[in-house]
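Worksheet: one structure, shown below.
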Amino acid sequence: MTSGADLRAARTRAGYSLNAMARQAHFTKSYLSMVETGKRLVPPEVVTAYEQVLGAPLAPPATDPVRVAHEWLVSESPIAQQTRSGRRVGASLAENLEHRVVELRHLDDTVSSTNLGPVVTKELTEAQHLLANASFTEAVGRRLFAVVGELAQLAGWVASDAGQYRQAERLYLSGVDAANNAQDRILGAQLLSSLSYQMANVGNPQDAALVARTAVAGAKHATPVVRTLFLERLAWASAKAGEHEDTRRALDEVNDTFERRGPDEPEWVYWLDQKEIDVMAGRCLIQLGRPGDAEPLLSHAIAHYPAEHAREIALYLSWLAESHARAGDTDAAWESLRRARSYASAMPSERADTRLDFIERLLRQS
């Protein structure tokens with residue numbers, strides 16, 4: 001647990017005065033003084049604010065996610081254990097694999113694509129081998145195909161983060177085939193939506209918008225949060241394609257749809273909350289030429305983002321830097337870029353590096 005003394009030591013090491021910390025963390029100096037000296041309990045929001053300003057977590061997580069990923073890579077999977085005991089696969093193995101997909105998906109929050117990529121590839125390859133060589137009932141088969149589809153989506157996402165765009169595209173499309181075999185149209189739409197996001201960033205934005213619309217149209221019966229995710233990616237592809245009215249319409253529908261969210265959402269949208277919605281809205285506003293409107297959305301979301309999710313913070317700070325740069329506040333843009341570089345160093349990502357290099361070029365040209 002972080003103490004007031006820990007906060008003070010971290011601030012001092014980084015060369016921040018209490019005045020400077022209060023100004024950047026958006027708390028009063030007197031309040032932070034009481035927290036640092038133990039006269040007030042240390043609330044989580046103060047710890048988060050210090051981490052955001054200092055550009056690094058104050059303490060390592062209780063469990064090292066990189067170690068977890070490595071242990072996963074070298075350990076024997078339940079698929080290998082099952083196939084040794086016979087070719088027939090039952091519901092218990094399908095359930096086990098479903099849980100493993102959830103664990104892998106959460107590792108992506110804190111483990112770099114370099115470390116996570118081999119782990120996901122191993123799991124996907126073994127699941128595909130199981131489908132090709134084992135026997136199972138039709139119901140179990142649908143669950144196994146869904147596992148392969150979800151692993152293909154995660155593997156594609158990780159490959160894209162590492163800059164392996166063609167490999168990511170192949171993985172996404174193979175996942176669509178698996179989702180079709182699982183008779184899971186929502187999962188298929190998720191794979192197409194993920195592909196549209198990559199296409200909007202590194203391919204043809206018009207094609208990306210078309211694929212994103214296809215995902216939305218094919219997921220009419222999706223839950224509200226899932227539909228929100230698909231609409232966000234449609235808004236982004238539309239913004240990148242310069243389709244301003246379509247972007248605004250999609251963003252409006254994002255807000256309306258998210259308000260209808262309920263308890264019965266699939267696990268794979270656990271991460272989509274109001275912060276993520278605000279970040280995407282801010283990004284789209286920058287594309288629409290409204291950086292001043294984007295800045296408060298991005299700042300608020302970043303201030304409340306978990307510090308251990310270093311890659312996402314680096315990316316979101318890059319958008320904050322761009323909003324400052326395009327609004328003419330170059331000093332604030334350089335400061336946001338500095339903080340983004342600090343977070344990026346904690347969780348290497350080709351996607352983040354590409355964004356930060358772009359922002360630096362933008363600032364040097366201004």
Side-chain angles (χ1 to χ4, degrees), residues 61 64-66 68-70 72-73 101-125 149-176 190-203 205 208 211-212 215 229-230 232-233 236-237 240 268-272 275-276 279-280 283 301-302 305-322 337 340-360:
D64 179 5
V66 175
V68 172
H70 176 72
W72 190 303
L73 182 62
V101 173
V102 171
E103 292 171 0
L104 281 173
R105 190 181 295 119
H106 284 260
L107 278 178
D108 181 57
D109 291 334
T110 52
V111 177
S112 71
S113 54
T114 301
N115 289 308
L116 190 59
V119 181
V120 181
T121 298
K122 173 191 175 187
E123 197 79 7
L124 174 59
T125 300
E150 291 192 35
L151 285 170
Q153 191 279 331
L154 180 56
W157 189 263
V158 171
S160 187
D161 184 66
Q164 300 166 1
Y165 304 122
R166 290 188 180 277
Q167 173 67 1
E169 180 178 310
R170 285 193 291 269
L171 286 162
Y172 286 143
L173 294 176
S174 72
V176 172
Q190 155 71 332
L191 284 142
L192 289 174
S193 177
S194 300
L195 177 57
S196 78
Y197 184 74
Q198 173 176 287
M199 293 168 65
N201 291 327
V202 298
V211 173
L229 173 61
F230 298 165
E232 279 210 321
R233 290 174 177 163
W236 178 238
K240 292 286 285 184
W268 46 264
V269 286
Y270 73 93
W271 55 273
L272 184 57
K275 295 190 300 296
E276 297 287 351
V279 167
M280 181 57 80
R283 293 170 56 179
I302 292 167
Y305 213 83
E308 62 270 21
H309 294 196
R311 176 186 56 215
E312 273 62 42
I313 294 178
L315 285 163
Y316 299 165
L317 281 167
S318 80
W319 289 103
L320 181 59
E322 184 169 352
L337 179 60
R341 292 273 188 207
S342 178
Y343 275 101
S345 67
M347 191 173 175
S349 162
E350 179 67 25
R351 180 163 48 114
D353 289 344
T354 299
R355 270 291 300 168
L356 299 182
D357 289 344
F358 167 78
I359 297 301
E360 184 160 345

Once rounded to the nearest 0.5 Å, what's the spacing between atom [atom1] of [X] and atom [atom2] of [Y]?
X	Y	atom1	atom2	answer
D161	E350	CG	CD	8.5 Å
E312	M347	CD	CE	6.0 Å
R105	W268	CZ	CH2	8.5 Å
I302	L317	CD1	CG	4.0 Å
L154	L191	CG	CG	10.5 Å
M280	W319	CE	CH2	8.5 Å

So, [X] side chain and [Y] main chain: donor-acceptor pair closer than 3.5 Å or not?
X	Y	result
S318	L315	yes
T125	T121	yes
Q198	Y165	yes

Taking every non-hydrogen atom, the tightest pair across [X] and [Y]:
X	Y	answer
Q190	L229	OE1-CD2, 3.7 Å
N201	R283	OD1-NH2, 4.2 Å
W236	A200	CD1-CB, 3.9 Å
S345	S342	OG-O, 2.6 Å
L337	A321	N-CB, 4.1 Å
A215	F230	O-CD1, 4.1 Å

Is the closest side-chain heavy-atom distance between [X] and [Y] below 4.5 Å?
X	Y	answer
R233	S194	yes
D108	R311	yes
Y197	K240	no

(Q) Determine whether W271 and W157 satisfy the following criterion, ring-ring contact (aromatic ring centres under 6.0 Å, His included), listing intermediate values before the conclusion. (A) CA-CA 14 Å; W271 55 273; W157 189 263; 7.4 Å; no

Q.
Given L104, which partner from the list V111, V119, L124 fulfils the side-chain contact (heavy atoms from CB on, under 4.5 Å) test?
A.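 Exactly one candidate clears the test, V119.
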
Q | D357 vs R341, salt bridge (charged side-chain N to carboxylate O under 4.0 Å, His left out): CA-CA, chis, key distance, verdict | A | CA-CA 10 Å; D357 289 344; R341 292 273 188 207; 3.1 Å; yes

